[in-house]
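Quantities reported herein were computed from a predicted structural model and do not represent experimental measurements. Indexing begins at 1, ligand by ligand and atom by atom, following the structure's order.
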Amino acid sequence: MVSTRTTIGSFQFDNCLMNAAGVYCMTREELAAIDQSAAGSFVTKTGTLKERPGNPEPRYADTALGSINSMGLPNLGYHYYLDYVMELQDRPKSKNHFLSLVGMSPEETHTILKSVEASDYKGLVELNLSCPNVPGKPQIAYDFETTDQILSEVFSYFTKPLGIKLPPYFDIVHFDQAAAIFNKYPLAFVNCVNSIGNGLVVEDETVLIKPKNGFGGIGGDYIKPTALANVHAFYKRLNPSIQIIGTGGVKTGRDAFEHILCGASMVQIGTALHQEGPQIFERITKELEEIMTEKGYESLEDFRGKLNYKA
Ligand code: RRO
């Protein structure tokens, strides 16, 4: 019998597949649909201190090869999501969940995380250091000094399991520099990758989305090689206690298999979930199990990180 069970820190999951933050996670109804699907967990929409309406529509478009979005961090406020995951954690046989958070400034981030620290929430937190779509706010994790400063302060008071959502990096030196910073902290995981920021998709003579004259985060097929590179680069560089969540370009069991082969302990699905809906988890789980059966792998441990190089 093959199994796609996994763990992040001390948390167990019956399936390694789940949604990526931003997709199917804005409301309790959407989150409940993921919770009741074959997914092993869910992550909430990134919650900020106060509710935000986000950028003007149209702000998300599917394309032949994936998606472009400039949602602009619309969310119902972190308390909405914190209340829901706390409600679920008290139910018998509840799955474990991820609460995605970030402030509009480092001060706001600390206010939110101190509130979560003081709460009865016992699950995982994903700090989003990579939103590409808020005008005037750069992707935090491209600024190594600020990232180091935020993490240093966070871990002076935050004791619950916390990981970070990263933007894609594109240079070996950046992998080295980023990993050296992350290795200083007791992170539970890093999640590679958020959308590739500020792409532009043109149809006929016009952009596809309204905010920022059409510039937006790119997801789907376009980003799988970049996502796999980031997963593997950090798998090779980070302390073994820091696990990797792989996100980017997953729409088949084969894609999930490749993320795990590159080092992922959990695999998130964004663009393809948006296109196909929560029943995608059943399909991709089955496809992944078929690949594992064919290859004689019974568990993810049998092949995680065991990517082969050319001699
Ligand atoms: O809401 C968004 O515009 C958004 C966020 Br917070 C993010 O982290 N990644 C993304 O592609 N869009």
Side-chain angles (χ1 to χ4, degrees), residues 18-27 30-31 42-63 65-78 80-81 98-106 108-109 112 125-143 146-147 150 162-169 189-201 207-224 226-227 230 245-250 268-275:
M18 60 180 290
N19 70 306
V23 180
Y24 244 98
C25 58
M26 184 75 82
T27 62
E30 289 183 340
L31 289 162
F42 68 62
V43 57
T44 67
K45 176 63 185 172
T46 301
T48 52
L49 190 60
K50 296 268 162 7
E51 182 171 355
R52 289 172 52 85
N55 292 337
E57 296 182 346
R59 57 191 187 180
Y60 189 108
D62 286 311
T63 71
L65 294 175
S67 65
I68 182 166
N69 88 85
S70 184
M71 303 298 288
L73 208 25
N75 76 92
L76 297 168
Y78 83 95
Y80 177 93
Y81 305 105
F98 294 77
L99 176 64
S100 175
L101 302 167
V102 77
M104 300 309 291
S105 64
E108 255 192 48
T109 295
I112 297 166
V125 170
E126 178 172 287
L127 178 61
N128 186 354
L129 297 180
S130 46
C131 174
N133 298 328
V134 179
K137 301 273 182 197
Q139 291 160 83
I140 298 166
Y142 283 149
D143 178 342
T146 301
T147 297
I150 290 172
L162 179 132
I164 48 180
K165 181 76 174 274
L166 297 176
Y169 298 101
F189 65 89
V190 301
N191 186 339
C192 307
V193 295
N194 208 316
S195 56
I196 293 183
N198 296 293
L200 191 59
V201 180
V207 301
L208 287 187
I209 55 175
K210 179 165 172 177
K212 294 170 67 179
N213 289 340
F215 284 61
I218 303 296
D221 296 359
Y222 309 102
I223 79 164
K224 193 178 78 169
T226 296
N230 277 261
I245 298 178
T247 307
V250 177
Q268 297 186 341
I269 306 175
T271 295
L273 169 61
H274 185 269
Q275 293 173 349

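- Atoms CE and OG1, on Met26 and Thr46 in that order, are 10.0 Å from each other to the nearest 0.5 Å.
- A donor atom on one side chain and an acceptor atom on the other are found under 3.5 Å apart for Asn198 and Lys212.
- Dense packing is recorded around OH of Tyr80, with more than 12 heavy atoms of other residues, nucleotides or ligands lying under 6.0 Å away.
- For ligand 1, the protein residues within 4.0 angstrom (heavy atoms only) are Lys45, Asn69, Met71, Gly72, Leu73, Pro74, Asn128, Cys131, Pro132, Asn133, Asn194, Ser195.
- Between the side chains of Asn128 and Ser100, not a single donor N or O lies within less than 3.5 Å of an accepting N or O.
- Nearest heavy atom pair, residue Ile112 against residue Val102, reads CD1-O, 3.6 Å.
- The main-chain N or O of Tyr142 is never found under 3.5 Å from a side-chain atom of Tyr169 such that the two would form a donor-acceptor pair.
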